[in-house]
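One structure below.
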Amino acid sequence: MKIGSLTLDNVISLVAEALGMNDDDNKVITLAETIHKKTEGNPFFILTFLKCLHDEQLLQYNFGAMKWTWDDDEVNSMMVAENVASVLVKKMNRLGEATQRMLMVASCLGATFRLSAVMEVMKNMSPAEMMSSMR
């Protein structure tokens, strides 16, 4: 099944639903227009972009007002990742050093592997050896 790009109306509905707001709210429409323009309606990037806005604290829930808030200018200046790989790299860079090392080892073992194999390699290799072998 192939899923194409979402229309602006679809993005407005998706953003409104995700934020628990009305899809006729001008603030939601403005945010959705920006997201649609930046993601070209790609469903994966729409959701990733919303999550990035939240992670970067550009999209925050205001408990006093009981609604999501954001600054349209800051959202508009936010860059969208070029592709899936750059999104994953950014996420992996936020992981702890030990987790990153474990992912490095696991990536060398293929699509499927036993956790015990990863642990065996990690206990027999220093972090410095691991880093130099990845270069």
Side-chain angles (χ1 to χ4, degrees):
M1 177 166 77
K2 183 178 179 185
I3 299 175
S5 296
L6 299 178
T7 66
L8 175 57
D9 286 339
N10 295 143
V11 176
I12 291 169
S13 295
L14 187 142
V15 171
E17 179 71 24
L19 301 180
M21 299 174 78
N22 295 325
D23 59 4
D24 62 349
D25 183 323
N26 285 334
K27 191 104 169 116
V28 168
I29 292 171
T30 303
L31 177 62
E33 287 171 343
T34 300
I35 291 172
H36 184 262
K37 179 178 70 178
K38 289 183 170 290
T39 63
E40 297 178 355
N42 180 307
F44 174 77
F45 283 122
I46 292 167
L47 297 174
T48 301
F49 189 67
L50 276 171
K51 178 142 180 36
C52 285
L53 289 175
H54 183 261
D55 290 347
E56 299 293 324
Q57 298 183 342
L58 298 177
L59 176 66
Q60 297 183 4
Y61 191 76
N62 182 324
F63 287 98
M66 300 292 286
K67 66 179 185 176
W68 289 95
T69 60
W70 61 90
D71 180 290
D72 288 323
D73 292 332
E74 288 183 19
V75 170
N76 200 31
S77 67
M78 177 90 170
M79 298 300 293
V80 177
E82 291 291 321
N83 56 42
V84 175
S86 60
V87 170
L88 292 175
V89 167
K90 188 174 181 180
K91 284 184 174 188
M92 286 191 282
N93 285 335
R94 288 194 292 244
L95 297 172
E97 188 177 320
T99 304
Q100 287 183 25
R101 284 196 310 269
M102 186 178 289
L103 286 172
M104 283 183 210
V105 170
S107 70
C108 296
L109 298 177
T112 59
F113 52 85
R114 291 186 327 268
L115 180 58
S116 60
V118 174
M119 299 310 289
E120 189 65 30
V121 171
M122 288 188 70
K123 83 176 178 187
N124 290 313
M125 252 181 129
S126 72
E129 289 174 314
M130 207 174 295
M131 291 305 290
S132 68
S133 69
M134 297 305 283
R135 291 187 180 127

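For Glu120, the salt bridge (charged side-chain N to carboxylate O under 4.0 Å, His left out) partners at least two apart in sequence or on another chain are Lys123. Partners of Lys67 according to the salt bridge (charged side-chain N to carboxylate O under 4.0 Å, His left out) rule, which considers only residues two or more places apart in sequence or in another chain, do not exist here.
Using a 4.5 Å cut-off on side-chain heavy atoms (C-beta onward), Trp70 and Leu19 make contact. A heavy-atom distance below 4.5 Å is not found between the side chains of Leu59 and Val75. Looking only at side-chain heavy atoms (C-beta outward), Phe49 and Met78 come within less than 4.5 Å of each other. For the pair Lys27 and Trp68, the minimum side-chain heavy-atom distance is 4.5 Å or more. Within the 4.5 Å cutoff, no side-chain heavy atoms of Leu109 are placed close to those of Arg114. Between Thr34 and Asp72 the shortest side-chain heavy-atom distance does not fall below 4.5 Å.
Put simply, Leu53 and Met21 are part of the same group of oily side chains (I, L, V, M, F, W, Y) that touch within less than 4.5 Å, one to the next. At a threshold of 4.5 Å between side-chain heavy atoms, the hydrophobic network of Ile, Leu, Val, Met, Phe, Trp and Tyr places Ile46 and Leu8 in two separate groups.
Remark: the Ser13 side chain and the Asn10 side chain contain no N/O donor-acceptor pair separated by less than 3.5 Å.
In this structure, the separation between CE on Met102 and CE on Met119 is 4.5 Å, given to the nearest 0.5 Å. Between the CG atom of Asp9 and the CG atom of Leu14 there is a distance of 12.5 Å, given to the nearest 0.5 Å.
Under 4.0 Å is where a charged nitrogen must lie from a carboxylate oxygen, and between Lys37 and Glu33 no such pair does.
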